[in-house]
Amino acid sequence: MKLADSLILSLALALIVIGIHQSWSTGMGGSYFIFMFAVGLLFWFQLRRNKARVHEKVPEQKPKNKKKN
């Protein structure tokens, strides 16, 4: 996992904790945007992770050497 992925995941989890605290103090309406931002970061993390997996699975094709007869 790269540093950017770690930061995105950590920020999303921190926003979830902050959102839970805000929903206890002000209600769900006051913390809705925090939860939506956290969900957006989680989707972004998942997208980056899936792109990295696809990039690792597809090896670069090297040209084949033709044998001379």
When rounded to the nearest 0.5 angstrom, what is the spacing between [atom1] in [X] and [atom2] in [Y]?
X     : Y     : atom1 : atom2 : value
His55 : Asn50 : NE2   : CG    : 14.5 Å
Trp44 : Arg48 : CH2   : CZ    : 6.0 Å
Ile34 : Met28 : CD1   : CE    : 10.0 Å
Leu3  : Ser10 : CG    : OG    : 9.5 Å
Ile18 : Ser31 : CD1   : OG    : 11.5 Å

For Ser23, does its backbone N or O pair with a side-chain atom of Thr26 as donor and acceptor, under 3.5 Å? no

Nearest heavy-atom contact between Leu41 and Ile8 is O-CG2, 3.4 Å

Tell me the closest heavy-atom pair linking Leu15 and Ala38, and the distance in Å.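 Nearest heavy atoms, Leu15 then Ala38: CB-CB, 3.8 Å.
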
Check for me, please, whether Trp24 and Leu13 land in the same ILVMFWY cluster - side-chain distances under 4.5 Å, paths through other members count. yes

Is there a continuous path of hydrophobic side-chain contacts, each under 4.5 Å between heavy atoms, that joins Leu42 to Val17?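 Different hydrophobic clusters.
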
Tracing side-chain links under 4.5 Å among I, L, V, M, F, W and Y, which residues wind up in one group with Phe43?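 The other cluster members (ILVMFWY side chains, heavy atoms under 4.5 Å, direct or chained) are Val39.
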
Are side-chain heavy atoms of Asp5 and Arg49 found at a separation under 4.5 Å? no

Are Gln22 and Phe35 packed together at the side-chain level, in the sense that at least one heavy-atom pair is separated by less than 4.5 angstrom? no

When you look at CZ of Phe37, are more than 12 heavy atoms from neighbouring residues, nucleotides or ligands closer to it than 6.0 Å?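 Atom CZ in Phe37 is not packed in, count stays at 12 or less.
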
